[in-house]
Amino acid sequence: MEETWPELLEAKPKVEERALPPLPEADKYPQVVTRFSPNPDCVLHMGSARAIILSWSYARMYHGVFLLRFEDTDPHLKKPSLEFYDSIREDLLWLGCKWDREYIQSQRLGLYYIYAKKLLEEGKAYVCTCQPEVFRRKISARQPCPCREQPPETHLHRWEKMLDGGFGEGEAVVRVKTDLSHPNPAVRDWPALRIVDTGKTPHPLVGDRYRVWPLYNFSSGLDDHLLGVTHVIRGKEHLTNEQRQRYLYHHLGWDYPTAIHYGRLKIEGVLLSKSKIKLGVEQGVYEGYSDPRLATFAALRRRGIKPQAIEEMILEIGLKPVDITLSWDTLYSHNRRILDPVANRYFFVAQPFLLEVSGAEKPFKAVHPLHPEHPERGFRAFEIKPDKGVIRLLVSGNDRPLFTSGAYLRLKNLFNIQVKAFQEGKALASFTGTSHEEAQKGHVPIIHYLPAASNIPSLMVMPDGSRIEGFSEEACKGLKVGEMVQLERWGFARVDAVAPQLTFFYAHK
RNA sequence: GCUCCGGUAGUCUAGUCCGGUUAAGGAUGAAGGCCUCUCGAGCCUUCGACCCGGGUUCAAAUCCCGGCCGGAGCACCA
């Protein structure tokens, strides 16, 4: 068999690497350019994973360019904050999505002004001073507001007034002309630039230097062309923005890039709302942005979810325009496949109780491999000595149901016992032999344990934020922060701290 | 309400463009078994889906029409 069909015996790859579908219209451009354009008003979370990973992967797949562009043009409602520029860069790097060039829109306002003025001059945009309700009424009736009819000179004059403070916040807005009879009222004569009183709400990067700020469709629309973006990959909430921006492109004689709109991404049982995450952190509901209950990249990182697992899952999902609800199980399964070969094994007993074994007169040494498939990595060993004929061990509280009197158990790599009783919070048992074979024959459950005399008090932080006290084995002294381990019969966890107390963040089973 | 988009197992996905090669494939999950001195990994088995109704056709998940359901947008947010 081995000789005839060696390939049949080879382990075949579990999951075939699913290639991304070809990028539409990739051959239309000399070089593919994609971008990720976050607002630095919060940390990144799984909701952005699609935009980041798809944009980056396609750029790489086509030997193109991936841009990072901070869209920090709202100093008021979605106010950017200095810390988030850096946290976003950090998250991207962690995800393995390094960008080729970086842009910050708040540094580019002068550029946007040039195009605003040009459109005003050419009668393709106008400065509207109507009350919002008045404008809305006119526009929904497919009628021009009074401002629209004014000559370019008037608008140029109003534009100057916007820039030099002649208009206050909310008193004037630049609108891009569109087809007034467009079926969707939302695209008709959309607003392009507005006034923000940065004296009151200064921008973290440019302070109060500017008072006229572009809106999303204007700055993003201009930049996509100006920076040579060929493929815009974003959520389907931007579908109507494409309609709006096409008018801008038409006015300027540009071709609109290829736009791909994917569906919204949810994760079961988790909120992915930036504003709610921010609020929760500010109010102390969450312990910072890496609180294990959150699906921020910071939190996933802290729990030991590997970026490759996220990437694999996102690539699997692709770019369909349907909304999807991801399951943690799928993510965990990807992560486990990555972790299992690398994570060394240790014992951790959660909320333990004492087990006293009598009848074992001599000292024992239990030897466990650091990894069952990799004996070359070495072993951990427990020295276990009886004290006046009794061996004292700690056993995980989860295993309490196994301790019914008369039950047989095997202590892994140590010996077999029979439970006598459980009283006063501790289990009493008697030594019945060391034979593993015997235990196997009797289908005796195998459990883990710790010497009561030597162990390390530890803390386990669970995904729901709860904390479980417990003890880990002495060998855990050598662990470093960030290391991934598998706590046998418990699950995978990341070492989050070694002092003052050894602390694990639970990843998954 | 208006303007769009979409509906394959619990979840994710392949197939839909160019109708038959598939008794609708894979992953995840659940249940069971084998193996393993972990409840992990590995191996095997089982469970489970084309939103509904018409039409076209020898043949429809795939094409057409209608309905139903779900989602997004309708900001001087991004």
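Convention: sequence-line order gives letters A, B, ...; per-chain numbering from 1. The model shown is predicted, which means the values in this text are computed figures rather than measured ones.
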Worksheet item: Side-chain N or O of A/Ser37 less than 4.0 angstrom from OP1 or OP2 on B/rA78?
Response: no
Fill in: Below 4.0 Å: OP1/OP2 of B/rU28 and any side-chain N or O of A/Arg337
yes
Discussion item. Is it the case that B/rU38 (base atoms only) and A/Gln486 (side chain only) share a donor and an acceptor within less than 3.5 Å, ignoring hydrogens and angles?
Written reply: yes
Item to complete: Using a 4.0 Å heavy-atom cut-off across all strands, classify A/Asp197 as base, sugar-phosphate, or nothing.
Response: nothing
Worksheet item: Any sub-3.5 Å donor-acceptor pair from A/Arg158's side-chain atoms to A/Val127's backbone N or O?
Response: yes
Fill in: Side chain A/Ser396, main chain A/Val349, donor-acceptor under 3.5 Å
no
Discussion item. Nearest whole Å is fine: how far is B/rC37 C1' from A/His368 NE2?
Written reply: 10 Å
Worksheet item: Can you find a donor-acceptor N/O pair under 3.5 angstrom joining the side chain of A/Glu373 to the base of B/rG40?
Response: yes
Discussion item. Could you tell me how far B/rG25 sits from B/rU62 if I compare only their C1' atoms? Round to whole Å.
Written reply: 16 Å
Worksheet item: Are any of A/Arg336's side-chain N or O atoms less than 4.0 Å away from OP1 or OP2 of B/rA41?
Response: yes
Worksheet item: Under 4.0 Å between a side-chain N/O of A/Arg194 and OP1 or OP2 of B/rA78, yes or no?
Response: yes
Discussion item. Does anything in residues 304-332 of chain A form a ring-ring contact (aromatic ring centres under 6.0 Å, His included)? List the pairs, not counting sequence neighbours.
Written reply: A/Trp328-A/Tyr332, A/Tyr332-A/His508
Worksheet entry | Which residue lies more 5' along RNA chain B, comparing A/Arg136 with A/Pro372 via nearest heavy atoms | A/Pro372
Worksheet item: How close or far is atom C1' of B/rG40 from atom CG of A/Asn335, stated in whole angstroms?
Response: 13 Å
Practice prompt. Counting heavy atoms from C-beta on, name the nucleotide in B/rG73, B/rG6, B/rG40 closest to the side chain of A/Phe492.
Written response: B/rG40
Worksheet item: Just checking A/Asn241: base, sugar-phosphate only, or nothing, at a heavy-atom cut-off of under 4.0 Å?
Response: base
Worksheet item: Between A/Phe364 and A/Phe431, does the ring centroid distance fall short of 6.0 Å?
Response: yes
Worksheet item: Below 4.0 angstrom from OP1 or OP2 of B/rA78, is there any side-chain N or O of A/Lys79?
Response: no
